[in-house]
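Atom set for the values below is all heavy atoms of this structure, side chains included, hydrogens, waters and symmetry mates excluded. Just so you know, residue 1 is the first one in the sequence shown, and it goes up from there.
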Amino acid sequence: LCFIPLSHLKFDFALDQMFPIHDPDVTYYNDFQKKFHTDIDEEVLFIGLKNSNGIFQIEFLRKVDTLTQYISKLNYIAKVYSLTNSSFISLHNGTFSAAPLIHINQPDQYVADSIQLFNSEEYRQLLISKKGTSIAIAAFNQPSLTHIQKRQLLFQIQKKLDALQFSESHLAAKIRIETTYIEEIKKNIKIYLFVSILIVVLALYFIFKSWNDIIISLIIIFISNIWSLAIISICGYSVDVLTSLLPPVLSIICMSNIIHLSSKYNTLLSLGTSKEKALTRTFRELKGPTFFAALTTAVGFFTLSITDILPIKTFGIFMGIGVLLSFAVSYFFLQSYYNITAEPAPIQHNKHNKQWSSILNWSYIQVIKHKIKILAFTCLLIVASLFYTIKIQINGSLLEEIPARNALLSDYKFIEDEFYGTRNFEMELVLQNTNDSLVNLERLKEVEVIQGILQDSLNIACIISPLSLYKGTNKVFHDGDQAYFSLPSSQDQINDYTVKINQTQYRDEWLRYFSEDLKSLRISGKLPDLTIKESEGLSHRFEQYFNKLHFKNNYTYKFTGSSIIFDKIAYSLTNNLLNGLIIAFILIGLIGYYIMKSYGMVVISLIPNFLALLIMAGIMGLLGIHLKADTAVIFSISFGIAVDNTIHFLNRFKLELKLDHTISNALRRTFLEVGRPMIVTTLILLLGFLSLLTSSFGGTFYIGLLISISLFFALILNLTILPILIWYFYKN
């Protein structure tokens, strides 16, 4: 039945979905969009076109015009700006005239056109490259397109670009980033599944030497994944970058349940226990620890639901549900399978088991013998980890996640180099004096100074504001003379131009840059793709200039826009990180108390896994791995998975204490009994998460790497520090 909703499962990724829910900056940005009608400004398709012989070539310009006209007629396109569909407007002898920016079919006019164009700041920055060797077309698509509509639109534009055969053409667009993410998600999920299934098959064959066990395990993993993905579809959600990790991660976690149950059952059979007794004992003794291990792993994922970023919240919820489902499927399916099948042939592992016992026995002796040295070394490791942990920086950028080989990156690099960047800059400037108005020459001159700071000190290009309207109008009313592209010289002219602008089609632009009460205005521009730290540096520099020039006495300001919101994602996750870990500690601590009925043991059980997280954080700082949207989620996940070994160890220790009240003997037998499955399942988990290193997404790569590091150190600490702490502090 799950195949019915599964057939409707969608793959999707929208940048807007990453915005933190209920965040004040997001609320402010939404209000800003409504106030200034900027809903499509983020939906720009920026096409850079280069001609090897220069832009003023008739064949090249005709192709640009053909492309402009073609794009303007496409579905889902709201408007198009191009040199070939724009005009110089001027007033001469009381008559308005509009002359094309470029007389496409009159090459003899090209020299005059080029001089006028390069002298016109308002056009030069927006549609001509810095070196003057490329021109741009800026189109705006309608917001909230479906994935199919985005693909269709991009396909039509790319097909036309290919047909026109420009020397170079480069397309940058928000919808292109989104479709690229979706295509990479689909490709990665196939790779993840292939690698994880290969790991499962090899690991199971190595452990059990039985094809029946391999087939049954694959069926369990298959059912767990089908059910989990079907739930996503039934709930109306799509598979995105994070939820694409569900199948491989769930497959590996499912393997842990299978190995613990199957190992115990086969071990008992090899010792001569009857099938009925082996089944009863296996599923009675391991019911608790396997359930609690699944529960702690699910808790690690569920704590992600406290974040206010929807894709991470849904990933945590669905992954947690999937883990619990996989436990139920593993436990009941495996038990049913063993019940209805004949007792398997005994596995000849006596020599192999003796080797394991010998190694584990020697290891236990060394741990107990060198307790002080191990504790001292651990303390040094803690100090080193703390030193490097404080070096972790919150940083990153959206394009860092795109695979290096993807053509999208080269297109963005071209536009960054040739033009003025692909990152939108938005700012609102608010007048504090409620009796004043921004339609005031003195106020507008102050705005011009502020714009100068943005342009000269922050390198923000393509700046548009209400000044652009007044300067452009002043130029028009002076016969199109570029020398008059400046603010009018008197308040009367300001008032006159205000009336005239609002009587023309440019009223729409007026409403996009002035608030209705004329107490606030919008300044927009372009920046390169900055990291979070670089963006923060710009904000800090502007604040210094703003305060130094005493503008804070008359104005307040705020930077906004989707780029600013994306930068906040990492901070939002980091703020939730500690809360998530605290919740995970409390819930897992309660589980530990339920098992051992001892508060002291709860603390003891948490210490090795907390130290594993600390070491992982230290390695992040050492390697310079930044804390950002994806790497911030690994702490709760790692802790939830790592504590599984602790639960199995403590549960076995509790059982051994019932047989022998001597702590040393109970510890030794616990070490020998659960050491092997702890090592084997951790190695399989490591291999499973290391399969994420095949991902084309940088964030997913680091998720796989860092969780693997955490699990490795958690295993070492659970086999060393945990027994030592029990030895010193556990009271009968």
Side-chain angles (χ1 to χ4, degrees), residues 188 191-208 214 217 221 245-260 262-263 290 293-294 296-297 300-301 319 322-323 326 330 356 359-360 363 381 385 608-620 622-623 625 630-631 633-649 674-695 697 699-722:
N188 284 334
I191 297 172
Y192 299 157
L193 278 173
F194 173 77
V195 174
S196 59
I197 289 172
L198 182 64
I199 290 167
V200 166
V201 171
L202 293 175
L204 286 171
Y205 187 77
F206 174 76
I207 296 167
F208 301 122
I214 292 173
S217 299
I221 290 168
L245 302 179
L246 187 147
V249 172
L250 195 59
S251 299
I252 300 302
I253 290 173
C254 199
M255 273 287 298
S256 177
N257 297 326
I258 294 169
I259 288 171
H260 277 289
S262 298
S263 293
T290 51
T296 56
T297 301
F301 285 107
M319 196 70 220
V323 169
S326 72
S330 304
W356 270 102
I359 293 170
L360 289 170
S363 300
L381 197 57
S385 297
N609 301 293
F610 174 75
L611 293 181
L613 293 186
L614 183 62
I615 294 169
M616 179 184 70
I619 291 173
M620 282 183 69
L622 177 64
L623 299 179
I625 300 172
D630 31 40
T631 53
V633 306
I634 60 175
F635 290 89
S636 296
I637 297 173
S638 298
F639 185 76
I641 298 174
V643 81
D644 291 0
N645 281 333
T646 310
I647 287 174
H648 283 288
F649 193 98
V674 300
R676 180 187 175 188
M678 282 173 62
I679 293 170
V680 171
T681 53
T682 301
L683 287 176
I684 291 172
L685 285 168
L686 284 175
L687 290 172
F689 280 105
L690 287 173
S691 71
L692 300 183
L693 302 188
T694 62
S695 174
F697 292 117
T700 305
F701 175 93
Y702 285 121
I703 287 174
L705 176 66
L706 293 170
I707 291 180
S708 298
I709 290 171
S710 172
L711 294 179
F712 173 77
F713 280 102
L715 172 67
I716 301 300
L717 291 165
N718 274 304
L719 290 176
T720 54
I721 295 300
L722 182 60

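Judged by distance alone, the side chains of N718 and T646 do bring a donor and an acceptor atom under 3.5 Å apart.
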From CA spacing to verdict: side chain to side chain contact (heavy atoms under 4.5 Å, CB included), Y702, M620
CA-CA 10 Å; Y702 285 121; M620 282 183 69; over 6 Å; no

Walk me through it: do M255 and T681 pass the test side chain to side chain contact (heavy atoms under 4.5 Å, CB included)?
CA-CA 8 Å; M255 273 287 298; T681 53; over 6 Å; no

Assess whether side chain to side chain contact (heavy atoms under 4.5 Å, CB included) is satisfied between F301 and V323, documenting all intermediate values.
CA-CA 9 Å; F301 285 107; V323 169; 4.1 Å; yes

Could you please spell out the steps behind the side chain to side chain contact (heavy atoms under 4.5 Å, CB included) verdict for H648 and T290?
CA-CA 8 Å; H648 283 288; T290 51; 4.0 Å; yes

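For the side-chain contact (heavy atoms from CB on, under 4.5 Å) with I707, the lone residue among I634, V249, L685 that qualifies is I634. Screening I703, N188, I191 for a side-chain contact (heavy atoms from CB on, under 4.5 Å) with L692, the sole residue that qualifies is I703.
The shortest non-hydrogen separation linking V643 to G640 is CG1-O, 3.4 Å. The two atoms that bring F639 and F610 nearest to each other are CE1-N, 4.1 Å, heavy atoms only. I258 approaches S330 most closely through the heavy-atom pair CG1-OG, 4.2 Å. Across all non-hydrogen atoms, the minimal contact from G675 to L719 is CA-CD2, 4.5 Å. When all heavy atoms of F635 and L613 are compared, the pair lying nearest together is O-CD2, 3.6 Å.
Not one N or O on the side chain of S710 forms a donor-acceptor pair closer than 3.5 Å with the backbone of L706. Counting only distance, with no hydrogens or angles, the side chain of S262 and the backbone of I259 share no donor-acceptor pair below 3.5 Å.
Residues I679 and L360 meet the side-chain proximity criterion, which asks for heavy atoms closer than 4.5 Å. Contact check for M678 versus F649: side-chain heavy atoms found under the 4.5 Å cut-off. When side chains are defined from C-beta on, N609 does not count as touching L717, because their heavy atoms never get closer than 4.5 Å.
Note that CG of L693 and CZ of F701 are 5.0 Å apart. Values are rounded to the nearest 0.5 Å. Between the OG atom in S638 and the CZ atom in F689 there is a gap of 7.5 Å [rounded to 0.5 Å]. Between atom CG of residue L686 and atom OG1 of residue T682 there is a gap of 6.5 Å, rounded to the nearest 0.5 Å. Atom CG of N257 is separated from atom CD1 of I221 by 10.0 Å, given to the nearest 0.5 angstrom. Taking CD1 of I253 as the start and CD1 of I641 as the end, the distance is 4.0 Å to the nearest 0.5 Å. Distance CD1/I619 to CG/L623: 7.0 Å, rounded to 0.5 Å.
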